[in-house]
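Please read the structure below before turning to the comments.
The shown structure was predicted, so the numbers you read here are calculated from the model rather than taken from an experiment.
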Amino acid sequence: MNSHGALPEAAVTTLPSGLRIASQSVPGTRTAAVGVWVHTGARNEPEDRNGISHLLEHMAFKGTTTRTARQIAEEVESAGAYMNAYTGREETAYHLRILPGAFPLAVDVLSDILLNPTLADEELARERSVIIQEIGEARDNPADVVFDRFQTCAFPDQPLGRPILGTPEIVSGIDRETLLAYMRQHYRGEAMVLAAAGEVDHEALVNLGAAAFEGIGSTRSDAPAPARYHGGVGEVPRELEQTHLVLGFEGVAYADPDFYAMTMFSAILGGGLSSRLFQEVREKRGLAYDIHSFGSSFHDSGIFGVYAGTAEQDAGEVIRRTAEEIHGVAGKVRLDELDRAMAQARSGLLMGLESCAGQAEALAHQLRIHGRPIPVDEHLRRLGDVDRAAVSRVARRVLASEPTLAAIGPLGGLPTNATLRSLFGTPVAGQA
């Protein structure tokens, strides 16, 4: 037990197939969460199959050799459970929120959709159409477009820079045999975690998982090619009321020693109402309604960025003020702002413990990234070890990388590449 709510330690069992089964008991809860996290996503896709991970996630619920799509939905909902899934750049997840008595059904359904999908042609045709509509919806959303463009500029000509949804042209051409081949290649025991949190008995979960996933293959496919952060500029002119822009730099991988310092840097720069960018850009100057910083980490790389939506004539000023604040953090961090960022990070971590779904997801992520559960006290200790010098060092590390700038909307207010070079002190790669 630890000093922050007396949670027992997480339990982990690895089956002969390599499938890891992990559980976190949460005393006092009357519900649970359970899911399978597969260590494959958009980053694992060949260029001519971009979007296949997301399409496969959609198809998992469309029927198996023992259940129709309707039967899956009715069985799950009759047990009072909620089922969902998502696809990321490095993982695909299938998860349920359940009442504790529904564990046998939940594990059986998860194994059924992952081991026995029919991928029927008529369902595939419908779901391809649905995803093409989803792509169209994303293309109508300026925020979605600018973040996809940013990712492409940061990691060009590699899977990590391609959109998770794929393109209509590629998705339209993915057939059943291609889906099955991709699933056989990547949905392997060594690449999967069955994780649960809440009112859960670990031994019972292991017994359920071992029986349900008995037929799964073991050896996982090769790891994707190493990430190559590049940087560059990507502009999408469009008639909009605002210029939406994302300015970013190379970030850190999950296991990087500066991971926690980067978290503090992002919080101080643009993580809340008291952050430097919110106070300077919005509160003091009224240049943007929304401005915030963010970080995305991968197993071998990462990106750090700032998003803002602003008037065309103010876009250049927003970028200049952002540069000033990053340089300011690189020069000196005040003790009071570090303390506020630390308090926010600690509260966010501890509040996350109140969600069984969040705990199951965190447990699966930790096994995928670090190979072991990370106790909350260890997280808190690593956060507490970050000092002002570490945050300034990370800011200087950011400034030493190539900048990436993506923008959509009216573009007349954007600075030239020469101005960007002078603002951040590093050359900007050619137009993407």
Side-chain angles (χ1 to χ4, degrees), residues 141-151 153-154 231-249 251 262 264-296 303-334 336-338 340-341 344 391-392 394-396 398-399 401-426 428 431:
N141 186 329
D144 286 346
V145 173
V146 78
F147 274 98
D148 271 350
R149 191 68 172 135
F150 173 73
Q151 189 80 18
C153 291
V233 176
E235 298 177 350
V236 182
R238 187 177 290 184
E239 291 187 10
L240 299 172
E241 292 295 321
Q242 282 194 314
T243 300
H244 298 259
L245 60 90
V246 179
L247 173 69
F249 308 85
M262 181 66 80
M264 292 296 97
F265 166 59
S266 181
I268 289 169
L269 182 69
L273 303 184
S274 65
S275 67
R276 292 193 180 199
L277 285 177
F278 192 90
Q279 287 296 313
E280 179 68 21
V281 173
R282 172 171 165 156
E283 297 295 273
K284 182 177 178 180
R285 302 181 185 277
L287 296 173
Y289 170 72
D290 181 11
I291 184 166
H292 64 268
S293 58
F294 63 92
S296 296
I303 49 177
F304 168 79
V306 173
Y307 165 83
T310 186
E312 179 181 14
Q313 67 270 17
D314 293 331
E317 184 67 8
V318 168
I319 292 173
R320 281 188 286 273
R321 296 298 170 184
T322 299
E324 288 180 3
E325 294 304 328
I326 294 176
H327 281 289
V329 176
K332 183 179 180 180
V333 175
R334 301 189 310 273
D336 65 301
E337 61 185 352
L338 178 61
R340 282 196 297 272
Q344 287 293 304
V391 177
S392 291
V394 165
R396 292 191 294 271
V398 162
L399 289 168
S401 73
E402 298 281 348
T404 298
L405 176 63
I408 181 173
L411 305 174
L414 295 177
T416 64
N417 285 4
T419 301
L420 279 173
R421 286 194 295 269
S422 67
L423 287 172
F424 297 101
T426 56
V428 178
Q431 195 81 3

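In this structure, a donor-acceptor pair under 3.5 Å is present between the side chains of Thr416 and Thr419.
Contact between Leu277 and Ile291 at its shortest, heavy atoms only, is O-CG2, 4.1 Å. Across every non-hydrogen atom of Ile319 and Pro415, the tightest pair is CD1-CD, 3.6 Å. Closest of all the heavy-atom pairs between Ile303 and Phe150 is CD1-CE2, 3.5 Å. Between Ser275 and Ala267, the closest heavy-atom pair is CB-O, 3.6 Å. Annotation for Val146 and His244: closest pair CG2-O, 3.5 Å, computed over non-hydrogen atoms. Heavy atoms only, all atoms of each residue included: Gly309 and Ala288 are closest at O-CB, 3.4 Å.
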Arg238/Val145 under side chain to side chain contact (heavy atoms under 4.5 Å, CB included): CA gap, chis, key distance, verdict: CA-CA 11 Å; Arg238 187 177 290 184; Val145 173; 4.2 Å; yes
Test side chain to side chain contact (heavy atoms under 4.5 Å, CB included) applied to Phe278 and His292, step by step: CA-CA 7 Å; Phe278 192 90; His292 64 268; over 6 Å; no
Test log, rule side chain to side chain contact (heavy atoms under 4.5 Å, CB included), inputs Arg149 and Val236: CA-CA 8 Å; Arg149 191 68 172 135; Val236 182; 4.2 Å; yes
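The structure places CG of Leu405 at 8.5 Å from CG of Asn417, a figure rounded to the nearest 0.5 Å. If you take CD1 on Ile326 and CZ on Arg276, they are separated by 11.0 Å, rounding to the nearest 0.5 Å. Between Leu423 atom CG and His327 atom NE2 the span is 7.5 Å, to the nearest 0.5 Å. Atom CZ of Arg285 is separated from atom OG1 of Thr310 by 12.5 Å, given to the nearest 0.5 angstrom. Considering CD of Gln344 and CE of Met264, their distance stands at 9.5 Å, rounded to 0.5 Å.
Considering only residues two or more places apart in sequence or on other chains, Arg396 meets the salt bridge (charged side-chain N to carboxylate O under 4.0 Å, His left out) condition with none of them. Annotation: salt bridge (charged side-chain N to carboxylate O under 4.0 Å, His left out) contacts of Glu324 (sequence neighbours excluded): Arg321.
Side-chain atoms of Glu312 come within 3.5 Å of backbone N or O of Gly412 as a donor-acceptor pair. Of the possible donor and acceptor atoms, none in the side chain of Glu317 sits under 3.5 Å from a partner among the backbone N and O of Asp314. No donor-acceptor pair closer than 3.5 Å links the side chain of Ser266 to the backbone N or O of Met262. Thr404 contributes no side-chain N or O that, together with a main-chain N or O of Cys153, makes up a donor-acceptor pair within less than 3.5 Å. One N or O on the side chain of Thr243 and one on the backbone of Pro410 form a donor-acceptor pair closer than 3.5 Å. Remark: the backbone N or O of Leu273 is paired with a side-chain donor or acceptor of Gln279 at under 3.5 angstrom.
Here Phe265 and Phe304 bring their ring centres to under 6.0 angstrom of each other.
Under the ring pair (Phe, Tyr, Trp, His ring centres under 6.0 Å) test applied with Tyr307, the options Tyr289, Phe147, Phe294 reduce to a single match, Phe147.
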